[in-house]
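Worksheet: the structure to be examined is printed underneath.
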Amino acid sequence: MPGFAVNEEKNRWLIRKMAELGVKEDDLEETFVRSSGNGGQHVNKTSTCVQLRHKPSGITVTASRERSQSVNRFLARRELLERLEAQAGGMTAEMKRVEKLRKQKDRRRRRTTTKVVL
C-alpha cells in the first residue's frame, strides 16, 4: 500500500485498521473526479476528488475536502473503514464523540434539576 501525504503515524494507523477489519487494497475500486468548491484554477484543472468503492460490501465513499488528491485518498479510506466498522456493530470515532456529548448534557441536566432555588 502506498503512503499518503499525511504523517507516518496516520499511515501506520490506516494499515493496522485495514488489517483489523480485513480490508485489502484489491477489494477497493478507486476513481478520481473533479472537485467543486473553493480552490480556483487548481481545482478546476485537476481531479482531486476521490471516489472509493468497497467491492464486497458495495459501500461507496467520496472525499473532496482537501486540494490534495493524496490526502483525499487517505480521507476516503478512513471514512470507508469507519462505515465498515459501524456496519459490523463497532464503535466509530463519531459514535464515541456523540456519546460523550450526550453524557455531558445529561450531567448538566442533572446538576440543574438538583439545585434548589431559595
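All values below come from the heavy atoms of this structure, side chains included, with hydrogens, waters and symmetry mates left out.
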* Structure fact -> Sequence neighbours excluded, the answer for salt bridge (charged side-chain N to carboxylate O under 4.0 Å, His left out) partners of Lys10 is none
How many angstroms lie between atom [atom1] of [X] and atom [atom2] of [Y], to the nearest 0.5 angstrom?
| X | Y | atom1 | atom2 | answer |
| --- | --- | --- | --- | --- |
| Arg73 | Leu75 | CZ | CG | 12.0 Å |
| Arg102 | Arg97 | CZ | CZ | 11.0 Å |
| Arg53 | Glu30 | CZ | CD | 13.0 Å |
| Glu20 | Leu84 | CD | CG | 12.0 Å |

* Structure fact -> So side-chain hydrogen bond (donor to acceptor under 3.5 Å, both in side chains) across residues 59-72, not counting sequence neighbours, yields none
* To do: Please assess Val50 against Phe32 for the test side chain to side chain contact (heavy atoms under 4.5 Å, CB included), listing each intermediate value before the final yes or no.
  => CA-CA 5 Å; Val50 177; Phe32 305 103; 3.8 Å; yes
Which atoms form the tightest heavy-atom contact between [X] and [Y], and what is the distance?
| X | Y | value |
| --- | --- | --- |
| Ala76 | Val61 | O-CG1, 3.8 Å |
| Leu14 | Arg78 | CD1-N, 4.3 Å |
| Arg109 | Asp106 | NH1-OD1, 2.9 Å |
| Lys17 | Glu85 | NZ-OE2, 3.0 Å |

* Can Leu21 be reached from Phe74 by stepping across I, L, V, M, F, W or Y side chains whose heavy atoms are under 4.5 Å apart? -> yes
* Residue of the set Lys103, Lys96, Met95 for which side-chain contact (heavy atoms from CB on, under 4.5 Å) holds with Glu99 -> Lys103
* For Arg16, all residues meeting side-chain contact (heavy atoms from CB on, under 4.5 Å), sequence neighbours excluded -> Trp13
* Salt-bridged, Arg77 to Glu25, with N to O below 4.0 Å? -> yes
* Inspect the surroundings of CD in Gln104 and state if more than 12 heavy atoms from other residues, nucleotides or ligands are less than 6.0 Å away. => yes
* Do Lys55 and Leu28 pass the side chain to side chain contact (heavy atoms under 4.5 Å, CB included) test, and can you show the C-alpha distance, the side-chain angles, and the key distance before you say yes or no? -> CA-CA 6 Å; Lys55 293 175 190 173; Leu28 303 177; over 6 Å; no
